[in-house]
Amino acid sequence: MRVGLLQEGDLTGTTAYARYHQLIDEVALADRLGFSTWGTSEQHFSPPSFSIAAPEVLYAAIAMRTNRITLRTMASVMLKWNHPILVAERLATLDIVSNGRAEVCTARSNNLTTLGAFGVDPAETRDQWEDGMDVLMKAMTAEKLEHDGPVWQIPSVEVVPKPYTKPHPKVSVAASSAQTHSNAGKRGIGAITFDNYFGFDYLQECLDAYRTAFDESDHSAVAAPNDYRGLYVATAYCAESREEARAVARDIAMEYFKFILDLYIPLSKNPGYTYLDTLEQLIAHQDDLDWLCEYTPSVMIGTPDDFVERIRRIEAMGIDEVLLRIDGVGHENIKKSLELIGHEVIPVVDPSHN
């Protein structure tokens, strides 16, 4: 079971200048400690919790400070403001400068503010993602890219550079609904369950939908089928005692959860986001950290033993890699948590990093 790290430049108590330089140091530490993967999402207009709007620029700096850790965008938003050719070119460049350590997780956005600012109708995001994915896969592998789809029409062009990894870096999608998990399985790409505050039963439903679709689909035309399954833990923090962990992470955990609820509630009224139709239970517990720690796999706050127990549970459900969002609690606290996980959790759950 691999243990990765997802950070989003949380600016709580600091500035973008300071936080970006801290992030680079934190990823260098995670690389030395045996964390499998580091990544960040592409976010706009959502400070202080999210500040990284141009992740590819930051990845290049981190590539120069690390040696082993995989660098995965989590996620590249495949909507009209991100042309899929540009996504392919940036990914190939990162793959080259990192000596083959780049991967890409894609997404359709769940942020109505971002969609509105870039002029995208929420009802159109699934179609834009589907067509953008077709272009992305061609751009990475075809000698000449040509595409005539419902969203993108591209005459014959040669995309340069091509990735260092052949036939292409691993591809996955950020998936919050069972439908998106199923779509990923049909395509033969990986899936990372994001923002899954809906509990362990819902997580299993999503994983089962993915497994069924992957196993029942014909991937003979897919260059590199990949059945990777990851889980994004929206708030994680590890300390010597459960009391210390929850004291340090309480505010950031509850602020993040309420931020997600503020996204979910209006979004649930849009077609294509029907998986958000069971929000009442979450709203009822929006101030209850202890309930969140027990009910949802999206919160992991506790001791190293707590982490090992939780990771074992989700591994048994079919998860390959857990991606911990350790952010917003201050640089020194983040480093302490990384050290504890690196020394007392990773060697237990992922002996290959010993």
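- Proximity of Arg313 to Phe200: side-chain heavy atoms (C-beta onward) are separated by under 4.5 Å at one or more points.
- Side-chain contact between Arg211 and Arg229 is present, with heavy atoms from C-beta onward closer than 4.5 Å.
- Thr70 has its side chain out of reach of Trp38: every pair of non-hydrogen atoms, C-beta onward, lies at least 4.5 Å apart.
- Members clustered with Met78: Val87, Leu91, Val104, Trp129, Met133, Leu136, Met137, Met140, Val171, Val173, Ile189, by chain and number, using a 4.5 Å side-chain heavy-atom cutoff among hydrophobic residues.
- Interatomic distance, Arg2 CZ to Ile311 CD1, rounded to the nearest 0.5 Å: 12.5 Å.
- Between Tyr256 and Phe50, the distance from one ring center to the other falls under 6.0 angstrom.
- The other residues sharing a hydrophobic cluster with Val135 are Ile85, Leu145, Val151, Trp152, Ile154, Val157, Val159, where clustering joins ILVMFWY side chains under 4.5 Å apart.
- The aromatic rings of Trp81 and Phe118 sit parallel, their planes meeting at an angle under 30°, below the 60° perpendicular limit.
- Annotation: the span from Lys336 atom NZ to Ile341 atom CD1 amounts to 13.0 Å, rounded to 0.5 Å.
- With no hydrogens or angles considered, a side-chain donor-acceptor pair links Thr303 and Asp306 at under 3.5 Å.
- Relative to the ring axis of Phe194, Arg108 does not place its NZ or CZ within 45° and under 6.0 Å from the centre.
- Interatomic distance, NE2 of His21 versus OH of Tyr17, reported as 4.0 Å (0.5 Å rounding).
- In this view, Glu315 and Arg312 satisfy the salt bridge (charged side-chain N to carboxylate O under 4.0 Å, His left out) rule, not counting sequence neighbours.
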